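Notes follow once the structure below has been shown.
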Protein chains: 2
Amino acid sequence: MIPDSTAPVGLTVDVVLLTIRSERLSVLMVERGIEPFAGSWALPGGFVLPDEDLDDAARRELEEETSIADALTHLEQLATYATPDRDPRMRVVSVAHLAFVPDLPSPVAGSDAAGARWWAADELLYGSEGVRLAFDHRRILLDGVERARSKIEYTTLAAEFVTEPFTLADLRQVYESVWGVDLDPANFRRKVLSTPGFVTDTGESQSVGRGRPAVLYRRGPATDLHPAMLRPDS
Amino acid sequence: MIPDSTAPVGLTVDVVLLTIRSERLSVLMVERGIEPFAGSWALPGGFVLPDEDLDDAARRELEEETSIADALTHLEQLATYATPDRDPRMRVVSVAHLAFVPDLPSPVAGSDAAGARWWAADELLYGSEGVRLAFDHRRILLDGVERARSKIEYTTLAAEFVTEPFTLADLRQVYESVWGVDLDPANFRRKVLSTPGFVTDTGESQSVGRGRPAVLYRRGPATDLHPAMLRPDS
DNA sequence: TAAATAGTGTCTCTGAGACATTATATT
DNA sequence: AATATAATGTCTCAGAGACACTATTTA
């Protein structure tokens, strides 16, 4: 029985799309052109269509607002946010998603949103510039960043942040940016190479300015890390 | 703007309530008295009220259907299920939750549901008796069990399954039941006692039939395990 | 040649697994 | 005494951290 006291709700998806830009963990945000929260920055997202699955909706909204859905290999559900007054217009339930992409060479151009840009996550979350975030998107972003931090511990998802082919220094930079720590290059190398299928050697190498050229790798077939990559301190 | 093409959806919560009964990981299910899926077994849950938060709804439904919400210390969001045709009546989005309780001495009596009982998770998921599960609750249960299996690796949540005071054998039995493995008692003891705040010694001991009496413990203040409790094989 | 980065080698320490041994209860 | 379970002790091995050292490039 569907009780009368059950009010209809709006269903939306939001996407925490993370990448590494200039060695900083960054997130894609869109500037809202309309009320509520006009002028504030929001996670890309929108209403789910009838008969549309959640992940399809997330990909579609990302395509509409930022046209970068192609590169999306990994998209996972993050959590659902449904505090009654999170949207002043009506009750809206948002199923947040999390995705990782490499630093995109092509500029992110939105067709729908007023403007879309990458923000360094730290700047957005802890900056003193008074950047306003729409709805409860600060909380969603916090949860997404925390999920990313823990996921790269026990999965190979860190490799989703780099463009192929990549060096071990590139991959190490991902961990250092997401975790905000420095890792020992030697120990990091040993850990990555001792995990079968994390990366595959291309045989080629690349010279990046000064220093010895680094061997180039591609993502391997492995998805999990046993044992996990350990985060310093904690 | 809220598009016209956005159909209203029903919002429900479901709860995967796990416990250990007779050394088996078990889940609380209710028998449906009405269509759809009359006679099938379903996870406890129901529609979220207007202005009600998700976790409040989960606790309320659990109380209404099984009257055991009191003992619920841990209740976490599991995932959201929104496949368009998962409910034949209308589009219903279900936010599933996960909770752990000790084996309850008092019988679980439901005021609302036709009947409520504990099922061994294995029996329900892999049994050959043809137990029918309502909606996509088999998938939700699978996800809940898998979440539980991984959560007790790196948190102290296994202790939520035992009644205080408990022996280390009791706590070990939780891991063995949830993981479906045998653990070395000596190594398990060393691991638990070397994690500060996992358990606290009561000083008392308890004789359980034959064998040397075991020291009794209570849950400690720790919530995380560093390093994690390792699952054999994998 | 100096500087910088890539890559290798080695030592130590922690912790997990295997399993022997001792302790304390019941029957 | 026999048996069962609790609790302790010991050995070994895998893996992480620290860091010295070698290799290969550019300025």
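None of these values were measured; they are calculated from a predicted model. Quick note on labels: first sequence line is chain A, next is B, and so on, each numbered from 1.
A search for salt bridge (charged side-chain N to carboxylate O under 4.0 Å, His left out) contacts involving B:E123 returns nothing, not counting sequence neighbours.
Between A:D184 and B:S205, the one whose closest nucleotide on DNA chain D sits nearer the 5' end is B:S205. Projected onto DNA chain D by closest heavy-atom contact, A:M229 and B:N187 fall at different nucleotides, the more 5' of which corresponds to B:N187.
Salt-bridge annotation for B:E63 and B:R59: absent, with no side-chain N of the basic residue lying under 4.0 Å from a carboxylate O of the acidic one.
If you take NE2 of A:H226 and C1' of C:dA16, they are 16 Å apart, rounded to a whole angstrom. In this structure, A:L171 places its CG atom 15 Å from C1' of C:dA6, rounding to the nearest Å.
Backbone-only contact: A:A169 has heavy atoms under 4.0 Å from sugar-phosphate atoms and none from a base. Among the atoms of the strands shown, only primed sugar atoms or phosphate atoms (P, OP1, OP2) are found under 4.0 Å from some heavy atom of A:P227.
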Hey, what are the protein-to-nucleotides 25-27 of chain C N/O distances that come in under 3.5 Å?
none

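A donor-acceptor pair under 3.5 Å links the side-chain atoms of B:Y175 to the main chain of B:I152, judged by distance alone. Judged by distance alone, with hydrogens and angles left aside, the side-chain atoms of A:H137 form a donor-acceptor pair with the main-chain N or O of A:L43 at under 3.5 Å. Of the possible donor and acceptor atoms, none in the side chain of A:S94 sits under 3.5 Å from a partner among the backbone N and O of A:V13. In this structure a side-chain-to-backbone donor-acceptor pair under 3.5 Å is missing from A:H226 to A:D224.
Taking the 5' to 3' direction, DNA chain D first and last meets chain B under 4.0 angstrom from a heavy atom at D:dA4 to D:dG9.
The side-chain hydrogen bond (donor to acceptor under 3.5 Å, both in side chains) contacts involving residues 143-162 of chain B comprise B:T73-B:E160, B:E76-B:R147, B:E76-B:K151, B:Y81-B:D143, B:R139-B:D143, B:E153-B:R231, where partners must be two or more places apart or lie in separate chains.
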Less than 3.5 Å apart, which donor and acceptor atoms pair up between the side chains of residues 21-30 of chain A and the rest of the protein, not counting sequence neighbours?
from	atom 1	to	atom 2	distance (Å)
A:R21	NH1	A:D103	OD1	3.1
A:S26	OG	A:R24	O	3.0

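Residues from residues 188-195 of chain B lying near DNA chain D, meaning a heavy-atom separation below 4.0 Å, are B:R189 in numerical order.
Here CH2 of B:W118 is found 4.0 Å from CG of B:L17. Values are rounded to the nearest 0.5 Å.
Side-chain contact between A:E61 and A:V15: absent, with no pair of heavy atoms (C-beta onward) separated by less than 4.5 Å.
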